[in-house]
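Computed from a predicted structure; not experimentally measured.
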Amino acid sequence: MGVELAMPRVSVIITTKNEEKNIERALVSLKLQTYKAIEIIVVDNNSTDKTVEIAKRFTKRVYNKGPERSAQRNLGVEKARGRYVLIVDADMELTSGVVESCVENIRDHKALIVPEKTQGSGLLASIRKFEREMYMGNLDIEVARFFEKEVFDELGGYDLYLTGTEDYDLPKRIMDRYGRNSIGWAKEWILHHEENLTLAKLITKRFYYAKESVRYVKKHPGLIWTQGNMILRPAYFRNWKKFLQKPFIASMFIFVRILEMSAALLGFICGILTLKK
């Protein structure tokens with residue numbers, strides 16, 4: 001017990017909305033962490049299923065907040081008592097050494113990226129896995145999830161006016177203040193479960209986030225070429241051998257990306273028109 005008390009506490013914030021199919025898996029993975037000085041905070045957004053009921057079996061610290069994920073996360077960090085905060089989505093599963101690796105590797109940084117691997121069967125999951133593997137080590141695409149709470153508070157947390165792009169905005173502001181080396185990497189993995197992903201859900205998601213991204217583009221106009229360009233990203237050219245090794249998945253990936261890009265462009269145009277009103 002004395003050793004545990006000497007460890008800096010890590011507050012893990014999970015945001016949820018109708019996640020009864022995923023939340024238990026995420027919470028179990030937190031209970032199985034090798035690092036034990038953890039507090040779990042769940043911030044729900046008016047779920048109508050059994051999400052909250054399941055969450056309360058694992059932690060008493062369950063709150064409700066809306067309307068979007070940024071507000072949920074900021075509330076979770078506000079309630080946090082840890083020196084560090086780890087932001088997790090409900091469809092994620094942490095390998096057992098994630099938190100320990102984060103604490104060990106944060107010493108020379110202000111925030112950390114925890115690499116993600118797509119989990120799931122089916123064509124879309126294979127495409128997502130193919131894509132995610134190309135982003136490993138890419139600061140412009142991978143997002144930081146582990147933060148010094150002091151730095152998170154200093155930067156004002158997630159921008160409440162951003163939806164989806166808040167994941168990129170906060171690390172960008174940290175790097176602007178402390179330099180690119182202020183963001184590092186953990187050595188363990190988050191397993192991102194995307195078993196239930198469908199093409200319709202993917203296209204709808206791209207449209208929605210693109211519609212909401214107009215403020216982000218105005219805030220960081222220079223990033224549109226690295227993050228907004230879904231077809232000609234430098235990561236694809238750096239990993240050109242992957243396209244030759246898996247030609248079928250590669251061709252399906254290109255097809256899906258074209259659909260996503262089309263939905264995103266339409267959403268972005270709608271966002272501009274809506275913002276003007």
Side-chain angles (χ1 to χ4, degrees), residues 18-19 21-23 25-26 29 69 88-98 101 113-145 163-165 167-168 171 185-213 216-217 223-271:
N18 294 328
E19 292 284 358
K21 294 180 180 179
N22 293 312
I23 186 62
R25 179 179 56 219
S29 75
R69 194 172 61 185
V88 179
D89 294 337
D91 59 355
M92 293 177 172
E93 178 183 6
L94 280 65
T95 53
S96 62
V98 164
S101 178
I113 294 164
V114 185
E116 297 178 28
K117 289 183 179 180
T118 293
Q119 295 291 106
S121 58
L123 180 58
L124 278 179
S126 297
I127 290 171
R128 292 287 288 160
K129 182 178 180 181
F130 176 81
E131 176 188 5
R132 197 181 293 278
E133 288 173 350
M134 288 188 278
Y135 299 149
M136 298 300 177
N138 190 327
L139 268 176
D140 294 320
I141 304 297
E142 291 192 288
V143 297
R145 295 189 174 276
T163 300
T165 51
D167 273 337
Y168 301 103
W185 276 268
K187 306 302 181 185
E188 294 288 327
W189 296 90
I190 285 177
L191 307 179
H192 198 155
H193 287 266
E194 301 187 83
E195 292 94 343
N196 299 318
L197 187 64
T198 65
L199 187 58
K201 287 180 181 178
L202 186 60
I203 298 303
T204 301
K205 185 177 180 180
R206 289 300 178 207
F207 175 87
Y208 177 69
Y209 282 153
K211 183 180 178 182
E212 298 295 322
S213 71
Y216 176 76
V217 172
L223 294 181
I224 192 169
W225 302 111
T226 54
Q227 295 173 349
N229 181 1
M230 295 183 183
I231 304 297
L232 299 175
R233 285 180 172 173
Y236 303 159
F237 294 99
R238 286 196 303 270
N239 292 279
W240 61 271
K241 289 183 180 179
K242 291 183 181 293
F243 288 82
L244 299 180
Q245 293 165 354
K246 298 180 179 180
F248 175 72
I249 293 296
S251 61
M252 290 297 97
F253 164 71
I254 294 170
F255 173 70
V256 170
R257 283 313 255 178
I258 291 172
L259 294 179
E260 288 182 89
M261 188 69 178
S262 300
L265 284 172
L266 182 58
F268 190 72
I269 292 169
C270 290

Check whether any side-chain heavy atom of R257 sits under 4.5 Å from a side-chain heavy atom of R206, and report yes or no.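 Touching, per the 4.5 Å side-chain cut-off.
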Do L266 and F207 have side-chain heavy atoms sitting under 4.5 Å apart? yes
Can you tell me how far apart [atom1] ([X]) and [atom2] ([Y]) are? Round to the nearest 0.5 Å.
| X | Y | atom1 | atom2 | answer |
| --- | --- | --- | --- | --- |
| S262 | M230 | OG | CE | 10.0 Å |
| K129 | Q119 | NZ | CD | 7.0 Å |
| I113 | I141 | CD1 | CD1 | 10.5 Å |
| N229 | L223 | CG | CG | 12.5 Å |
| L191 | E116 | CG | CD | 9.5 Å |
| K205 | L197 | NZ | CG | 7.5 Å |

Applying side chain to side chain contact (heavy atoms under 4.5 Å, CB included), run through Y236 and I231 and close with a yes or a no. CA-CA 8 Å; Y236 303 159; I231 304 297; 5.9 Å; no
What pair of heavy atoms forms the shortest contact from [X] to [Y], and how long is it?
| X | Y | value |
| --- | --- | --- |
| S213 | F268 | OG-CD1, 3.5 Å |
| G137 | E142 | N-OE1, 2.7 Å |
| A186 | P115 | O-CD, 3.6 Å |

May I have the step-by-step check of side chain to side chain contact (heavy atoms under 4.5 Å, CB included) for E260 and I203, ending in yes or no? CA-CA 6 Å; E260 288 182 89; I203 298 303; 4.2 Å; yes
Where the side chain of [X] meets the backbone of [Y], is there a donor-acceptor pair that is under 3.5 Å apart?
| X | Y | value |
| --- | --- | --- |
| E212 | G271 | no |
| S101 | K187 | yes |
| T95 | W189 | yes |
| T198 | K201 | yes |

T118 and side chain to side chain donor-acceptor pair (under 3.5 Å): which single residue from E133, E194, H192, E131 fits?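 That would be E194; it is the only one of E133, E194, H192, E131 passing the side chain to side chain donor-acceptor pair (under 3.5 Å) with T118.
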Sequence neighbours excluded and cut-off under 3.5 Å, please list the side-chain donor-acceptor pairs for residues 240-256, or say none.
| unit_1 | atom_1 | unit_2 | atom_2 | d |
| --- | --- | --- | --- | --- |
| S251 | OG | P247 | O | 3.2 |
| S251 | OG | F248 | O | 2.7 |

When you look at R233 and Y135, which way does the side chain to side chain contact (heavy atoms under 4.5 Å, CB included) test go after all the steps? CA-CA 10 Å; R233 285 180 172 173; Y135 299 149; 2.7 Å; yes
Under a 4.0 Å N-O cut-off, is there an ion pair linking D167 with R69?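 R69 and D167: salt-bridged.
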